[in-house]
S.K.: 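Here you go, one structure.
Here is the naming used below: chain letters follow the sequence lines, and residue numbers restart at 1 for every chain. Computed from a predicted structure; not experimentally measured.
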There are 2 protein chains.
Amino acid sequence: MTSKSPNSQPLGEFDLIARYLAPLATSKAARGLRDDVAVLGLAGLGGDLVLNVDAIVAGVHFFADDPPHVIAERVLRINLSDLAAKGAEPLGYLLTLALSPDQDEAWIADFTEGLRRNQDTMGWSLLGGDTVRTSGPLTISVTAIGQAETGTVPMRGGAQPGDHIWVSGTIGDAALGLAVCQGKGPGLPTSLDDFVVERFRQPEPRLKLGQALVGTGMVSASADVSDGLIADLGHIAKASGLCARIDGTLVPTSLAGGTAIAADPVWFERMITGGDDYELLLTTPPSAASQFEQIASDCGISLTKIGLMEQGAGVFVTNRQGNPLALETAGYRHF
Amino acid sequence: MTSKSPNSQPLGEFDLIARYLAPLATSKAARGLRDDVAVLGLAGLGGDLVLNVDAIVAGVHFFADDPPHVIAERVLRINLSDLAAKGAEPLGYLLTLALSPDQDEAWIADFTEGLRRNQDTMGWSLLGGDTVRTSGPLTISVTAIGQAETGTVPMRGGAQPGDHIWVSGTIGDAALGLAVCQGKGPGLPTSLDDFVVERFRQPEPRLKLGQALVGTGMVSASADVSDGLIADLGHIAKASGLCARIDGTLVPTSLAGGTAIAADPVWFERMITGGDDYELLLTTPPSAASQFEQIASDCGISLTKIGLMEQGAGVFVTNRQGNPLALETAGYRHF
């Protein structure tokens with residue numbers, strides 16, 4: 001169960017879920033709504049179904065004038081990223097479109113072209129859905145269905161003291177890309193601006209890497225970085241009853257990210273608290289290290305050890321100079 | 001795949017689905033988007049997963065000031081009705097809430113109380129979801145997951161010439177209830193007004209009856225009456241490549257419905273074309289008749305044979321006097 005909004009509201013996300021929705025999640029499959037996915041074991045299946053819902057609203061989670069095929073690709077990729085973090089193989093998706101008066105036939109045609117491209121690349125397909133009209137902003141909800149071997153899907157809360165913390169790819173490009181789209185970027189060269197905008201708009205779900213890493217049986221906890229590195233690591237730490245300690249000098253950044261931080265160190269904090277990276281965030285026993293590095297190398301995707309899980313609570317991080325960082329924000333704002 | 005809206009729009013429902021979405025539904029499970037549900041057969045499961053999505057928008061599919069627990073019950077019941085028509089047993093649901101600024105904590109508390117009541121009655125539970133904020137009207141999308149024996153789930157398009165057409169319960173109460181809510185009712189006594197409003201607000205998914213009837217293996221085609229009797233029967237007729245012929249004198253009506261028609265015969269047409277009945281609509285070979293009547297009797301729900309499937313195309317219906325009825329509307333308006 002996830003919840004997202006840019007605005008502060010009287011009823012917070014965690015209150016809404018913990019107080020009102022979690023008591024309804026009586027099935028073991030729901031994991032008490034304390035995970036990113038539901039995991040439905042069916043007798044005789046020989047596998048678990050992995051279910052995830054993500055909804056996006058125009059003007060909140062994407063720009064209303066983004067090209068429709070980009071919006072389509074993005075909402076599917078966001079859902080696939082959750083499956084990737086759980087090591088699941090995508091089976092198909094159901095789509096709810098609440099169309100505003102702005103969506104004409106040309107919009108629909110380009111949007112469905114984006115769905116088609118995603119299907120061709122990712123090897124899954126549309127299973128069903130519903131289409132309604134709204135006087136409000138375009139709202140898109142996707143239910144993604146994946147499959148995993150029985151009992152293999154990691155929880156958020158399985159990390160142990162001493163476990164290593166790993167992230168795939170680079171962190172913070174999406175935060176930079178969003179800033180560029182909002183005209184508040186760090187003034188990077190055009191080619192780097194283009195790179196971070198693309199990273200924001202079209203995140204890459206790490207499906208093969210996630211399946212291979214989870215397939216080792218060594219992943220103790222996992223999530224994808226959607227709310228921001230610090231926030232998502234905070235979810236893992238809280239669910240595991242532990243503290244997460246990150247060495248900021250180890251957090252992997254792209255050339256664009258490194259350039260931004262070099263120009264103004266404040267970008268480092270924005271990049272580790274900004275959302276939408278959609279990279280894998282995993283914890284493992286130390287014994288998994290060499291195997292994990294080999295798998296990442298085979299997949300051609302970087303995987304970086306950035307810290308350790310310890311007794312305690314919270315997330316502690318040092319800055320690029322190795323000094324403790326007092327974070328003003330704890331990731332993407334929930335309502 | 002379904003699509004609904006009260007407004008006429010340039011791109012029609014069937015064009016949108018047929019032209020843009022059906023080509024994406026490459027999985028056999030999607031049934032080419034020509035059914036109300038997707039049916040996902042998984043190797044080794046010994047059963048089929050039945051998947052359905054229904055979305056509702058405030059001011060379109062319900063009144064924004066309806067009590068929140070009534071809205072919650074309604075959206076779950078609408079989804080359960082699709083499972084009922086396919087003979088599926090509900091497993092759980094995923095919920096997307098796009099909350100407008102009008103939904104405060106008291107609203108959430110009452111809404112989730114409605115979800116809880118439904119879960120207690122129907123024996124299913126929340127599996128996961130997503131919550132977002134919108135500046136537009138409250139929008140709720142539910143993905144319902146059910147289970148059925150492998151290969152038993154009826155299609156829309158399986159009716160054969162000579163098959164009987166059956167409906168459960170009574171037809172047209174919801175159309176009357178909606179009219180009453182809009183101040184356009186037929187001037188029924190208060191107790192009957194209350195009855196039809198309740199029938200509109202809180203449809204009764206015919207789960208046990210649907211499971212028992214489909215369990216006979218004799219249902220050749222099925223749907224629930226959501227768009228209106230004539231429109232949904234039209235879907236079955238078109239998908240089956242046949243014509244449906246209904247005897248209007250046999251269409252089951254409640255005391256309220258009969259009273260309305262007696263006061264003004266125009267109500268009959270409104271009742272068979274109005275939506276939201278959420279009764280079962282089934283076709284069977286004639287040999288199933290006595291078995292079906294016994295099952296309905298055992299379930300304590302009326303089941304009425306209203307006509308026959310024949311060679312041809314379209315839906316033909318007589319009025320309460322037995323004369324051919326020229327329908328002005330073909331059911332609930334799609335966009």
S.K.: Say you draw a straight line from OH of Y93(A) to CG of L24(B); how long is it, rounded to the nearest 0.5 Å?
M.R.: 5.0 Å
S.K.: I need the minimum non-hydrogen distance between T96(B) and S141(A), along with the two atoms involved.
M.R.: OG1-OG, 2.7 Å
S.K.: According to salt bridge (charged side-chain N to carboxylate O under 4.0 Å, His left out), who are the partners of D66(A), at least two apart in sequence or on a separate chain?
M.R.: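 R201(A).
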S.K.: Can you check side-chain contact (heavy atoms from CB on, under 4.5 Å) on L127(B) and L51(A), steps first, answer last?
M.R.: CA-CA 8 Å; L127(B) 294 175; L51(A) 305 165; 3.9 Å; yes
S.K.: Heavy-atom distance under 4.5 Å between the side chains of L49(B) and L49(A), does that happen here?
M.R.: yes
S.K.: State, to 0.1 Å, how close R133(B) and V57(A) come at their nearest heavy-atom pair, and which atoms those are.
M.R.: O-CG2, 3.8 Å
S.K.: What part of I145(A) gets within 4.5 angstrom of chain B, counting heavy atoms only: side chain, backbone, both, or neither?
M.R.: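 The answer is the side chain of I145(A).
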S.K.: Do you know which two heavy atoms are closest between P137(A) and G136(B), and how far apart they sit?
M.R.: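 Looking at all heavy atoms of both residues, the shortest contact is CD-N, 3.5 Å.
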S.K.: Taking atom NE2 of H61(A) and atom OG1 of T134(B), what is their separation to the nearest 0.5 Å?
M.R.: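 Nearest 0.5 Å value for the NE2-OG1 distance: 10.0 Å.
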S.K.: Which residue is it: D130(B), L95(B), V142(B)? I am looking for the one with a side chain to side chain contact (heavy atoms under 4.5 Å, CB included) to V53(A).
M.R.: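 With V53(A) as partner, side chain to side chain contact (heavy atoms under 4.5 Å, CB included) holds for just one option, D130(B).
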S.K.: Taking the side chain as every heavy atom from C-beta outward, state whether L21(A) and T112(B) have any atom pair closer than 4.5 Å.
M.R.: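 Yes, side chains in contact.
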S.K.: I need the residue from G92(A), A22(A), A58(A), A109(A) with the largest number of non-hydrogen atom pairs under 4.5 Å to chain B.
M.R.: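 Among the listed options, the one with the most contacts to chain B is A109(A).
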